[in-house]
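Comments concern the structure below.
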Amino acid sequence: MEKIAGFYFCHCPDVQLAKEYMEEYISSFGNEWIKAERHTFWVDDLLSNKFFIALDEVSFEIKKKIFFIRDTHELNAEIWKRLSLALGKPREDVFPIFFINNTLDKGKLKLPVLIQKQKCFEFAKKQKWYFESIGITEKNFAQILLKEAKQKYDLSLSNDIIHILQNTLSPDYNSINNVLAQLYLFSENGEININVVAQLTNYTPELGLFDIVKKIETGKAKEVWSFFIKEGRIVEDSYLFAFIAIMAREMRLLWKIKANEPTFLNNQILNYKTKIAQQLGFTYISKIISLLTFAEFSVKSGKKDPLETFEELLKDITNIYNKNLMELALLYSVKTSE
């Protein structure tokens with residue numbers, strides 16, 4: 001049996017995904033490490049000395065301990081200096097794991113320069129005590145979903161089920177694992193009824209509109225119009241109003257983030273939404289809310305039909321995200337006076 005690493009670095013925006021990798025790694029070093037005590041430390045625990053006290057602590061009864069150190073991309077140079085000294089004298093009964101879970105930069109991992117300069121990190125990479133992953137994204141969601149379903153629960157997922165889960169789950173390991181655990185309870189010989197999936201996820205066809213909001217936010221205008229050309233001809237009042245409701249909720253969320261109000265989002269989603277809120281600002285968020293209200297009025301008053309309104313609303317919102325306000329004239333062309 002190989003000797004476990006002295007310490008480890010995990011660079012991944014999805015901490016739970018990195019933990020799963022580490023648990024698999026630890027399991028290969030025998031029962032003692034599988035049953036080891038696990039302790040989680042945060043940045044404040046290093047600043048307050050709590051982590052270093054725990055690292056130095058020696059008991060008469062030697063027990064294996066695994067230390068999960070979160071958000072290490074936020075540590076300062078002084079703490080890294082202390083860490084490098086401490087890691088230079090490894091403990092055979094303690095296994096520290098440093099999680100670098102900063103968000104992706106333009107879809108890519110970006111390792112903080114301060115960490116790159118640390119000798120302990122250079123040593124870890126040389127020893128291959130390093131794991132990196134971009135986490136779960138729109139591109140690899142289906143692949144990871146299928147892999148987890150098969151390996152953990154021996155489940156087979158149809159394309160329709162994958163489509164529903166991709167439209168309803170947030171792109172993180174916890175969401176995927178939680179729903180798969182539930183589906184396993186309802187499965188028969190590894191097969192799952194699509195109606196069970198729809199009930200568990202509260203899926204409705206309108207949830208495809210969440211994808212449209214995401215494409216607008218990420219500047220994928222061509223995909224937005226591809227959707228409209230494909231599905232737009234069947235737009236009814238309820239479909240348009242579902243889009244208005246989803247977009248209105250998104251604007252309220254962005255407003256709260258911009259105003260520094262609590263939102264209870266996980267760090268990955270909050271960082272993503274914060275960038276959008278900063279990009280739009282209060283002025284552009286207000287303009288979109290105004291457009292949504294005006295679109296609803298246009299249809300309910302009978303002045304415009306749903307299809308025409310939906311097309312104009314998509315154009316105007318897309319222009320606002322691109323800050324192209326010279327083109328904003330479509331919905332406001334309707335007269336509001338009787």
Side-chain angles (χ1 to χ4, degrees), residues 103 138 167-168 170 202 204-266 268-338:
T103 55
E138 189 176 348
N167 278 288
T168 54
S170 59
N202 296 317
T204 61
E206 285 83 1
L207 282 171
L209 294 171
F210 282 103
D211 193 42
I212 295 304
V213 173
K214 189 174 180 181
K215 291 184 188 306
I216 290 172
E217 290 179 339
T218 53
K220 297 178 180 177
K222 288 184 179 179
E223 293 183 32
V224 172
W225 292 111
S226 175
F227 162 84
F228 183 80
I229 292 169
K230 184 179 178 182
E231 308 288 345
R233 300 301 160 190
I234 61 168
V235 171
E236 299 175 351
D237 291 13
S238 60
Y239 202 66
L240 170 65
F241 295 147
F243 174 76
I244 291 173
I246 291 168
M247 184 58 81
R249 187 178 72 172
E250 183 72 5
M251 292 304 106
R252 288 194 295 272
L253 176 63
L254 295 179
W255 187 282
K256 289 178 73 174
I257 292 171
K258 183 66 179 169
N260 294 319
E261 296 178 14
T263 57
F264 307 105
L265 299 172
N266 69 49
Q268 185 179 358
I269 296 175
L270 178 59
N271 289 335
Y272 167 69
K273 295 294 184 185
T274 299
K275 288 180 181 178
I276 298 169
Q278 290 172 343
Q279 172 194 337
L280 290 175
F282 291 121
T283 300
Y284 293 117
I285 294 172
S286 299
K287 287 183 183 296
I288 292 175
I289 293 172
S290 177
L291 279 172
L292 296 172
T293 305
F294 209 85
E296 186 171 355
F297 162 80
S298 299
V299 174
K300 288 184 175 179
S301 66
K303 296 181 182 297
K304 288 190 176 183
D305 66 58
L307 178 60
E308 178 188 9
T309 303
F310 194 35
E311 180 178 8
E312 292 175 351
L313 186 59
L314 285 175
K315 284 181 180 177
D316 280 348
I317 290 175
T318 303
N319 281 328
I320 287 177
Y321 269 86
N322 293 331
K323 298 189 176 179
N324 184 12
L325 301 187
M326 297 298 292
E327 301 294 329
L328 286 186
L330 293 167
L331 278 173
Y332 291 124
S333 62
V334 67
K335 292 182 179 179
T336 59
S337 58
E338 295 297 333

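Here, residue 1 is the first one in the sequence, and each next residue gets the next number.
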Here the pair of heavy atoms bringing K304 nearest to T309 is CB-OG1, 3.4 Å
How about E217 and Y272: does a side-chain donor come under 3.5 Å of a side-chain acceptor? yes
To the nearest 0.5 Å, what is the distance between CD (Q279) and CD1 (I320)? 11.5 Å
To the nearest 0.5 Å, how far apart are CZ in F282 and CG in L254? 10.5 Å
Which residues pass the side chain to side chain contact (heavy atoms under 4.5 Å, CB included) test with K215, not counting sequence neighbours? E138, D211, K220, E223, V224
What residues form a side chain to side chain contact (heavy atoms under 4.5 Å, CB included) with S286, not counting sequence neighbours? W255
Restricting to salt bridge (Lys or Arg N to Asp or Glu O under 4.0 Å), what partner residues turn up for K258, sequence neighbours left out? none
Rounded to the nearest 0.5 Å, the CG atom of L313 sits from the OG1 atom of T318 at a distance of 9.0 Å
If you round to the nearest 0.5 Å, how far is CZ of F310 from CG of D305? 12.5 Å
For residues V213 and M247, report the shortest heavy-atom separation together with the two atoms involved. CG2-CE, 4.0 Å
Restricting to side chain to side chain contact (heavy atoms under 4.5 Å, CB included), what partner residues turn up for A248, sequence neighbours left out? R252, L292
How long is the straight-line distance from CG of D316 back to CD1 of I288, given to the nearest 0.5 Å? 10.0 Å
Sequence-distant partners of K214, salt bridge (Lys or Arg N to Asp or Glu O under 4.0 Å), two or more places apart: none
Could you grab the distance from atom CD1 of I317 to atom CE of M251, nearest 0.5 Å is fine? 7.0 Å
Taking only residues two or more places apart in sequence, or in another chain, which ones meet K275 in a side-chain hydrogen bond (donor to acceptor under 3.5 Å, both in side chains)? none
